[in-house]
Amino acid sequence: MTRIVVLPGSWRAGSVNLALARAAVAAAPAGCEAVLHSIREVPLYDGDLETASGIPAPVRALKDAVAAADGLLLVTPEYNNSVPGTLKNAIDWMSRPPADSARVFAGRPVGLIGATPGAGGTRLAQGAWLPVLKTLGTQLWTGGSLFVAGASKVFDASGRLTDEKVRELLEKYMKGFAEFVAAARRGG
């Protein structure tokens with residue numbers, strides 16, 4: 001079974017990206033297990049903290065979960081036309097120490113999706129992630145994309161995906177990404 005860690009960049013109540021992450025987990029195709037993980041307990045990166053205490057337990061747990069998975073799906077908000085600091089902070093921590101970064105990221109299939117109440121649908125944030133993911137040595141899936149614009153109309157008040165067109169696009173994305181991850185796992 002293909003295993004994908006789904007990592008949303010926002011955990012606030014009412015987050016459209018958390019809702020999208022949950023919908024992505026539910027849309028995982030047969031033969032694929034998508035598992036939601038949190039960045040909520042990841043502290044701000046601090047080199048002094050790392051030197052004094054090592055990698056914090058929430059970061060170690062997240063790194064181990066991603067390293068044990070076959071793929072990683074980042075569900076990114078877009079803040080000020082770029083990546084959200086909280087998710088970037090988590091990725092920065094996960095790349096520490098540099099000698100352990102390859103275990104987590106090198107060759108790891110990664111997908112990017114995102115939602116925003118605005119019209120841009122996180123296109124700029126997803127583009128801003130590209131140099132980060134390249135630097136980490138990931139395999140970015142480029143066979144599909146999902147930029148959910150007007151997300152406040154796509155999810156109901158409880159965070160349930162109600163838009164059938166977006167549901168179809170998400171299911172198509174998850175199917176393609178899962179196939180990409182499975183092929184990478186097989187070495188093809």
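All heavy atoms count here, side chains included; hydrogens, waters and symmetry mates do not.
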Q: With a 4.0 Å cut-off, would you call Lys63 and Asp100 a salt bridge?
A: yes
Q: Quick one: OG1 on Thr138 to CG on Leu112, what's the gap to the nearest 0.5 Å?
A: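 With rounding to 0.5 Å, OG1 (Thr138) is 8.5 Å from CG (Leu112).
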Q: Quick one: does Arg160's side chain have a donor or acceptor within less than 3.5 Å of a partner on Ala19's backbone?
A: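 Such a contact is absent between Arg160 side chain and Ala19 backbone.
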Q: Please give me the minimum heavy-atom distance between Val59 and Pro43, naming the atom from each residue.
A: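 Taking every non-hydrogen atom into account, CG2-CD, 4.3 Å.
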Q: Before accepting this row, confirm whether a basic side-chain N of the pair Lys175/Glu179 lies closer than 4.0 Å to the acidic partner's carboxylate O.
A: yes
Q: Please give me the minimum heavy-atom distance between Ala24 and Met174, naming the atom from each residue.
A: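 Scanning both residues, the minimum pair turns out to be O-CE, 3.4 Å.
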Q: According to a hydrophobic-cluster definition based on side-chain heavy atoms being under 4.5 Å apart (Ile, Leu, Val, Met, Phe, Trp, Tyr only), do Val83 and Leu136 belong together?
A: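 Looking at the clustering, Leu136 is in the same group as Val83.
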Q: Same cluster or not: Phe177 versus Val5, using hydrophobic residues (I, L, V, M, F, W, Y) connected whenever any side-chain heavy atoms lie under 4.5 Å apart?
A: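 Hydrophobic grouping puts Phe177 with Val5.
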Q: Are Arg103 and Asp64 close enough that some pair of their side-chain heavy atoms sits under 4.5 Å apart?
A: yes
Q: Under 3.5 Å, side chain of Trp141 to main-chain N/O of Phe180, donor-acceptor pair present?
A: no
Q: Are the side chains of Val6 and His37 in contact, using a 4.5 Å heavy-atom criterion?
A: no
Q: Where do Gly114 and Leu20 come nearest, in terms of heavy atoms and distance?
A: C-CD2, 3.6 Å
Q: Just by modelled atom types, is the Pro58 backbone N or O under 3.5 Å from a matching donor or acceptor in the Glu41 side chain?
A: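 Such a contact is absent between Glu41 side chain and Pro58 backbone.
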Q: Do Thr2 and Glu33 touch side chain to side chain, with heavy atoms closer than 4.5 Å?
A: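 They are not in contact (no side-chain heavy atoms under 4.5 Å apart), so the answer is no.
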Q: With the 4.5 Å side-chain cut-off for hydrophobic clustering, are Val132 and Leu72 part of the same group?
A: yes
Q: Restricting to non-hydrogen atoms, name the atom on Trp129 and the atom on Pro84 that form the minimum distance, rounded to 0.1 Å.
A: NE1-CD, 4.2 Å
Q: Any ion pair linking Arg185 and Asp70 (charged N to carboxylate O, less than 4.0 Å)?
A: yes
Q: Please report the closest heavy-atom contact between Ala178 and Pro29, naming both atoms and the distance.
A: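 Ala178 and Pro29 have their closest heavy atoms at CB-CG, 3.7 Å.
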Q: Testing the basics here: between Arg12 and Arg40, what is the closest heavy-atom pair and its distance to 0.1 Å?
A: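 Nearest heavy atoms, Arg12 then Arg40: N-NH2, 3.9 Å.
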Q: Only one of Asp156, Val148, Val154 passes side chain to side chain contact (heavy atoms under 4.5 Å, CB included) with Leu161; say which it is.
A: Val154
Q: Between Thr76 and Leu87, does the side chain to side chain contact (heavy atoms under 4.5 Å, CB included) criterion hold? Intermediate values first, please.
A: CA-CA 8 Å; Thr76 186; Leu87 188 53; 4.2 Å; yes
Q: Does the side chain of Arg3 come within less than 4.5 Å of Val35's, by heavy atoms?
A: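 Contact flag for Val35/Arg3 side chains = yes.
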Q: Distance only, no hydrogens: is a donor on one side chain within 3.5 Å (strictly under) of an acceptor on the other, for Ser101 and Ser95?
A: no
Q: Show, in sequence, the C-alpha distance, side-chain angles and deciding distance for Val16 and Thr116, and conclude whether the side chain to side chain contact (heavy atoms under 4.5 Å, CB included) test is met.
A: CA-CA 7 Å; Val16 292; Thr116 183; 5.7 Å; no
Q: From Gln126 CD over to Leu133 CG, what is the distance, rounded to the nearest 0.5 angstrom?
A: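 If we round to the nearest 0.5 Å, Gln126:CD and Leu133:CG are 10.5 Å apart.
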Q: May I ask you to decide whether Lys165 forms a salt bridge with Glu168, counting only side-chain N to carboxylate O separations under 4.0 Å?
A: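 Glu168 and Lys165: not salt-bridged.
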Q: So Ser82 and Asn80, side chain to side chain donor-acceptor pair (under 3.5 Å) or not? Walk me through it.
A: CA-CA 6 Å; Ser82 192; Asn80 298 314; over 6 Å; no
Q: Please determine whether salt bridge (Lys or Arg N to Asp or Glu O under 4.0 Å) holds for the pair Lys88 and Asp92, giving the CA-CA distance in whole Å, both sets of side-chain angles, and the decisive distance to 0.1 Å.
A: CA-CA 6 Å; Lys88 176 68 166 65; Asp92 289 345; 2.6 Å; yes
Q: Could you tell me whether the side chain of Ile4 reaches within less than 4.5 Å of the side chain of Cys32, counting heavy atoms only?
A: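 Touching, per the 4.5 Å side-chain cut-off.
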Q: Any side-chain to backbone donor/acceptor pair from Glu78 onto Ala125? Under 3.5 Å, distance only.
A: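 Yes, Glu78 side chain to Ala125 backbone: donor-acceptor pair under 3.5 Å.
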Q: Can you get from Leu169 to Phe155 by hopping between Ile, Leu, Val, Met, Phe, Trp and Tyr side chains that sit under 4.5 Å apart?
A: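 Yes; tracing contacts between hydrophobic side chains, which count when under 4.5 Å, links both residues.
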Q: Looking just at side-chain N and O atoms, do Asn17 and Ser15 make a donor-acceptor pair shorter than 3.5 Å?
A: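 Asn17 vs Ser15: no donor-acceptor pair found between side chains.
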Q: Do Leu7 and Leu73 pass the side chain to side chain contact (heavy atoms under 4.5 Å, CB included) test, and can you show the C-alpha distance, the side-chain angles, and the key distance before you say yes or no?
A: CA-CA 6 Å; Leu7 198 58; Leu73 178 63; over 6 Å; no
Q: Is any side-chain heavy atom of Leu36 closer than 4.5 Å to one of Leu18?
A: yes
Q: Show your reasoning for whether side chain to side chain contact (heavy atoms under 4.5 Å, CB included) applies to Thr86 and Ile39.
A: CA-CA 8 Å; Thr86 52; Ile39 62 170; 4.0 Å; yes
Q: In terms of hydrophobic clusters joined by side-chain contacts under 4.5 Å, are Leu49 and Ile91 together?
A: yes
Q: Would you check if Thr122 and Leu146 make a side-chain contact, meaning some heavy-atom pair closer than 4.5 Å?
A: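 Sidechains of Leu146 and Thr122: no contact.
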Q: Taking C-beta and beyond as the side chain, do Glu50 and Ile55 meet within less than 4.5 Å on heavy atoms?
A: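 A side-chain contact under 4.5 Å exists here.
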